[in-house]
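Step one of this worksheet: look at the structure below.
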2 protein chains.
Amino acid sequence: MPNELSAPTSSTAASLSEITSAARRAAAPYAAVSPKVRAGFLDRIAERLEELGDELIQTAHRESNLPIARLTGERGRTCSQLRMFANLIRSDAWLDIRIETADPARTPIPKPDLRRTQVPLGPVAVFGASNFPLAFSVPGGDTASALAAGCPVVVKAHPAHPETSRLAAEAILGAVSDCAMPDGTFGIVLGGVEEGRALVLDPNIYAVGFTGSFKAGKSLFDLAAGRPRPIPVYAEMGSVNPVFVFPGALDTKAEDLAKGYAGSLTLGVGQFCTNPGVVVGVGPAFDAFVDSVATHLSAVSAGAMLHPGIQASYEAAVQSRSNDARLHCHLAGGGTAPALFSTDAQTFIASAVLREEAFGPTAIAVKCQEFAEMHQVAEALEGQLTATVLYQDSDVADVRAILPTLVHIAGRIVANGFPTGVEVNTAMQHGGPYPSTTDSRVTSVGTAAILRFVRPVAFQDFPDELLPEELKSVKA
Amino acid sequence: MPNELSAPTSSTAASLSEITSAARRAAAPYAAVSPKVRAGFLDRIAERLEELGDELIQTAHRESNLPIARLTGERGRTCSQLRMFANLIRSDAWLDIRIETADPARTPIPKPDLRRTQVPLGPVAVFGASNFPLAFSVPGGDTASALAAGCPVVVKAHPAHPETSRLAAEAILGAVSDCAMPDGTFGIVLGGVEEGRALVLDPNIYAVGFTGSFKAGKSLFDLAAGRPRPIPVYAEMGSVNPVFVFPGALDTKAEDLAKGYAGSLTLGVGQFCTNPGVVVGVGPAFDAFVDSVATHLSAVSAGAMLHPGIQASYEAAVQSRSNDARLHCHLAGGGTAPALFSTDAQTFIASAVLREEAFGPTAIAVKCQEFAEMHQVAEALEGQLTATVLYQDSDVADVRAILPTLVHIAGRIVANGFPTGVEVNTAMQHGGPYPSTTDSRVTSVGTAAILRFVRPVAFQDFPDELLPEELKSVKA
């Protein structure tokens, strides 16, 4: 057995190497499994997760503090993702197939037959996140997209939810067995930082998927770049997701926007990568908007954060901001209290502390003197997963002026909405310029996430009998 | 003027920063140029290059030792590449546009409108190669694809052909002026290793295109990964491009294959990234094939290499191989003599020196005892741009057995042909696993090369008036 599910807290170096070697041995046979059969395997994982019933939800609830309703929804999303990738690979459309047929009569040299498809990279290491114990963890989007691409997966389970991870891993291993996938198609590694580093450095690993903190993601990126054979690291590390409120919108719908903003900020106790932690506006109407946001935040019942480490980091971040910005509200309570700060544009631009993400329900309102200063704030921001504009018709010229800057810094631009709530479909882009991710050219959510785990290969002058099915002139 | 064309051999740090700052300032206005107008600009560069006439060809000939006919062909390819990318961006097909329309009635939450396209990364640094003073240099594929993608380009000219670089740069700057592109859309930096390093570290640079040696490419990759904001490096660093000759083919067409192989090996004095430097086979028929290759090589008139540095490296590589493998032929002559070595499979697998690329017309024949050993050789090879199989009908089962291993190590697999001669079209994959490149997920030749210089952005709930043209519901 290549897995160590019986070890409660760590894998030994020997067992890690056994697990990754099994994944490497599985790579060729798993890549050779037909896409239709691979799709059935993904569907079977979803069924196995559903068959776990209440046990999975209750275990995740106990380990994460997340509400039952949220976790039930997250399980639904997790299974939908698996089925979405299963359906994606039932067609060849995602492979970007390019075929140039031969022209033997071409001069000065004959034109060869050239057919290009995508092949799996090899075993992928997936690092589960603590804030989505299902949808971004063991059976989450990284695992689903890598398995769909034809890559074996070795998950490094997040220590915040070991039992949830174990249950999900057993479901996946059950599906491996049900569908007769090669031994080693899926493996799991328990443990902490050292096990994670060893996994990224393991010569049998060909790519890394990660969702979590900047510090952890960047350290894995650096390790991978320094390997004898460097490998890609797809680390989604979060951002402050700035929201720009334009004057016309403040004139006509300030109250609705304040309520919506406070709701987005505190959703899931602010523990989303797309949490809108910075809001930018101009003039007295913006002051009134900020006061209104504070009022709405005061009415939010405080929730429990994922684990004590995150809670402590949040309180420390709130504390450090207090030195540089004015605290508007931070109500003590039974749980984690939202905290709203405000400052002026130049102070914000000058302060690295204020521009940094603080994971949790806290925001900084940046008060500008004029529109030009809003633009300056946008230009001072680093790479973001999202940027949002709240505007109405009279603001369109200003929005058009700032939009190229927002496109330059962000992966998704939201109009008159809020960035939390990440759709899982063909058009989602969840990823943006560094430091929000280590690779802005890809997404970690939606069907395009599969493209992270393949590379192109061209076949020159091959006959049908030796070509991959999708490249044959005459399909079976 | 942001450029330093008047300085003969180097740019000062100040001028480099002026050039990259101009590129950064040009990024937004150049990205905003409509694709049709950008296409006209690329076409105009091709016209300007053609208008240089004989002067360009003669200058390149003087600086590179490459024959006039070859350079005339290379100019044709260079202009074709520019026009190919121009035509590519006249349609939206390359943008992988994904549109999900809204469903306000969806429960529990309404579905937003989501539209995904690609946007340029920002200014790109391009490092010209010495072996293609036009097609992989100042006006080459990296420049053409980055400009087509909407990225300003700063070229680091190769010191082996400064005057050719200067002429090409003037043609591009002329086209910038003719088509009223933003100042800074194109810049050129002269100088050596230090100027190259400074360019990769420059904060205004967002990606790097490179073709050249492993040592130089890897050092740029390391520099870029260590920047405060890491950037992608697309370094194409060459490989040994193994050729596997199967028994049936040796029985039926050994003489044709030996002649073809010797021709591919010595084409352009062996100075191609796809030069087939390793040939692998079994049994006495393979011995006869190797002898025949040696005979053909002896008949090849020796040519001059690109510059004395490459010539010296070639002679040193031939010398170092002589310690580990048997020299079959290495005829002295007026120019660079082809050198053919042979060795057994286990010696080859054990020797890092023999498995390393030696740039020039030299090859190692690897003699195996049985087919299983050919497979072992394939498994021992590192990442390759290409792998080739020479076979006939009776070999199909063996080819099928080895093919997954070749797909795992290479970007292009050639059947019954030779890897030199890289088609420039939609289906080409010129790039493979490390160390043949630093990013196996892309190609540096063919239309897909444009994808290196863009990243996806999704627009959520935007009205037509604020969307990029290609995402509008109603097109203009």
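Order of the sequence lines fixes the chain letters, A, B, ..., with proteins taken first and strands second; residue numbering starts at 1 for each chain.
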Specify the closest pair of heavy atoms between Asp222(B) and Ala225(A), including all atoms of both residues, with the distance to one decimal.
OD1-O, 4.4 Å

Do you know which of Arg229(A), Met428(A), Lys218(A) has the most heavy-atom pairs with chain B at a distance under 4.5 angstrom?
Met428(A)

Which value, rounded to the nearest 0.5 Å, describes the distance between Gln429(A) atom CD and Phe459(B) atom CZ?
11.0 Å

Given that the side chain runs from C-beta out, which part of Val414(A) has a heavy atom under 4.5 Å from chain B: side chain, backbone, both or neither?
both

Checking Arg106(A) against chain B: side chain, backbone, both or neither under 4.5 Å from a heavy atom?
side chain

For the backbone of Ala458(B) and the side chain of Arg412(A), can you confirm whether one donor and one acceptor N or O come within less than 3.5 Å of each other?
no

Heavy-atom distances under 4.5 Å only: say whether Glu382(A) touches chain B with side chain, backbone, both or neither.
neither

In terms of heavy-atom proximity below 4.5 Å to chain B, should Asp439(A) be classed as side chain, backbone, both, or neither?
side chain

What residue in Ala31(B), Pro230(B), Pro120(B) has the most heavy-atom pairs under 4.5 Å with chain A?
Pro230(B)

Check Pro456(A) against Ser440(B) and note the closest heavy-atom contact, atom names and distance.
CD-O, 3.5 Å

Distance-minimising heavy-atom pair for Pro433(B) and Arg455(A):
CG-CZ, 3.6 Å

Give, for atom OG1 of Thr388(A) and atom CD of Gln460(B), the distance between the pair rounded to the nearest 0.5 Å.
8.0 Å

Chain B contact via Tyr391(A) - which portion, at a heavy-atom distance below 4.5 Å:
side chain

What heavy-atom pair brings Arg441(A) and Tyr234(B) nearest, and what distance separates the two atoms?
NH1-OH, 2.6 Å

For Pro435(A), is it the side chain, the backbone, both, or neither that has a heavy atom closer than 4.5 Å to a heavy atom of chain B?
neither

Between Ala410(B) and Val457(A) the two heavy atoms that sit nearest each other are O-CG2, 3.7 Å

Output yes when a side-chain donor or acceptor of Arg98(A) lies under 3.5 Å from a complementary backbone atom of Thr426(B), and no otherwise.
yes

Quick check on Leu121(A) against chain B: is it the side chain, the backbone, both or neither that has a heavy atom closer than 4.5 Å?
both

For Ala415(B) and Asp461(A) the tightest heavy-atom approach is CB-O, 3.4 Å

So what's closer than 4.5 Å to chain B heavy atoms on Glu100(A): side chain, backbone, both or neither?
both

Assert top hit (heavy-atom pairs under 4.5 Å, partner chain A, pool Thr443(B), Val442(B), Val119(B), Val407(B)) equals Val407(B)

In this structure, CG of Asn416(B) is separated from CZ of Phe462(A) (nearest 0.5 Å) by 8.5 Å

Contact origin within Pro228(A) toward chain B - heavy atom pairs under 4.5 Å
backbone

Between Lys111(B), Gln118(B), Glu465(B), which residue shows the highest count of heavy-atom pairs closer than 4.5 Å to chain A?
Glu465(B)

Residue Asn425(A) versus chain B: region with a heavy atom under 4.5 Å
both

Indicate the ring-plane relationship of His408(B) and Tyr206(A), choosing parallel, tilted or perpendicular according to the 30° and 60° boundaries.
perpendicular

At a heavy-atom separation under 4.5 Å, does Val454(A) approach chain B through its side chain, its backbone, both, or neither?
backbone

Top residue by heavy-atom pair count (under 4.5 Å) with chain B, among Pro232(A), Gly417(A), Pro404(A)?
Pro232(A)

Ala448(A) versus chain B, the contacting section by heavy-atom distance below 4.5 Å:
both

Considering only heavy atoms, which portion of Leu114(A) lies under 4.5 Å from any heavy atom of chain B: side chain, backbone, both, or neither?
both

